[in-house]
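Lettering follows sequence order; numbering is per chain, from 1.
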Protein chains: 2
Amino acid sequence: MTETYSPAQTVEMSGFSLDTLRYYEKIGLIEPVRRAAGGHRRYTEDDLGWLDMLRCLRGTGMPIAQMQSFAELARDGDDTVADRLALLEEHDAAVEAELARLAEQRGKVRAKIEYYRSYLAQQRGVCEAQ
Amino acid sequence: MTETYSPAQTVEMSGFSLDTLRYYEKIGLIEPVRRAAGGHRRYTEDDLGWLDMLRCLRGTGMPIAQMQSFAELARDGDDTVADRLALLEEHDAAVEAELARLAEQRGKVRAKIEYYRSYLAQQRGVCEAQ
DNA sequence: GGTGGAGCTGGAGCAGGCTCCAGGATCCTT
DNA sequence: AAGGATCCTGGAGCCTGCTCCAGCTCCACC
């Protein structure tokens with residue numbers, strides 16, 4: 001018997017909100033989720049695994065549109081693994097660039113911080129001298 | 001004579017679009033810009049410096065609302081330097097956390113990439129063996 | 001079998017951050 | 001003085017990525 005999970009459990013385990021899970025399904029980021037007799041969703045282990053992938057991609061800033069391309073490739077089976085790899089590699093490069101950009105910009109912020117600090121130090125100096 | 005810059009020059013030098021410059025002024029991120037006789041804006045060196053600060057903050061993901069607080073402090077003069085410093089330090093910590101988060105998530109993406117690579121390598125192996 | 005909590009659908013609404021537009025005015029060049 | 005480029009204002013619109021809502025259904029438990 002394969003384990004399945006209720007929407008609430010899936011929210012818990014995936015970190016996505018209930019609305020986001022439904023939204024992702026609606027826009028095709030997730031294949032239609034199996035339903036229990038009454039129409040309630042039952043997520044599988046596979047679904048959870050896929051959600052983990054989505055969380056990685058979203059968490060690294062991939063736009064929804066690109067994730068949709070990725071999901072479409074995944075739906076098209078094993079023949080698309082090379083394409084998916086290429087897409088991920090491209091994304092990884094984008095993330096790397098973003099990290100570099102952010103680190104560089106942070107350097108500038110830290111420079112401003114240093115400037116403010118030295119200004120305050122100097123002000124204190126003036127104050128003591130009076 | 002102090003140099004001033006037209007909107008077009010300022011777009012060029014600041015990296016913000018014309019609309020964004022006007023928008024920032026409208027919402028109080030920039031103090032009202034001096035005007036030439038006919039009403040056209042003339043940005044000063046000081047304005048450019050401030051825009052550079054804004055670019056740092058935006059570029060490191062500070063929300064507009066927080067930038068507005070910062071701008072308000074800046075308008076209130078030298079007494080607020082300590083507050084501004086505190087705000088920047090807090091922001092720097094947030095950026096550091098974001099960098100860490102992104103790097104961690106990137107690790108997961110790279111793991112997926114490795115997984116795809118090994119899958120492909122194995123597929124090639126099977127193919128050659130046939 | 002009733003009641004409260006979880007889930008369903010479709011569609012509207014929202015927050016953030018710009019971006020675009022209409023309808024004029026101004027400025028530079030020739 | 002004419003024409004094209006640049007700029008002005010106020011307000012509407014847009015894009016992304018959710019988030020919320022109304023009105024119902026379903027399920028679990030007492």
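Nearest-nucleotide assignment on DNA chain D puts the 5′-proximal partner with A8(B), out of R58(A) and A8(B). A residue-by-residue look at M62(B) and L18(A) shows that L18(A) has its nearest nucleotide of DNA chain C further toward the 5' end.
Donor-acceptor pairing under 3.5 Å is lacking for the side chains of D47(A) and Y5(A).
We find the CD-CD1 distance between Q66(B) and I64(B) to be 11.0 Å, quoted to the nearest 0.5 Å.
Of the side-chain N and O atoms in S17(A), none sit less than 4.0 angstrom from OP1 or OP2 of dC18(D).
W50(B) and F70(B) have parallel rings, their planes meeting at less than 30° on a 0 to 90° scale where 60° marks the start of perpendicular.
Atom CD of Q68(B) has more than 12 neighbouring heavy atoms from other residues, nucleotides or ligands inside a 6.0 Å radius. At most 12 heavy atoms of other shown residues, nucleotides or ligands fall within 6.0 angstrom of atom CD in E90(B).
Of the residues in residues 20-51 of chain B, those lying under 4.0 Å from DNA chain D by heavy-atom distance are R22(B), K26(B), R35(B), G39(B), H40(B), R41(B).
Of the charged side-chain nitrogens involved, at least one lies within less than 4.0 Å of a carboxylate oxygen, so that K112(B) and D52(A) count as a salt-bridged pair. Salt bridge status for R101(B) with E98(B): present, with a side-chain N to carboxylate O gap under 4.0 Å.
When DNA chain C is scanned 5' to 3' for any atom under 4.0 Å from a heavy atom of chain A, the first and last hits are dG7(C) to dG11(C).
Proximity of R117(B) to L120(B): side-chain heavy atoms (C-beta onward) are nowhere separated by under 4.5 Å.
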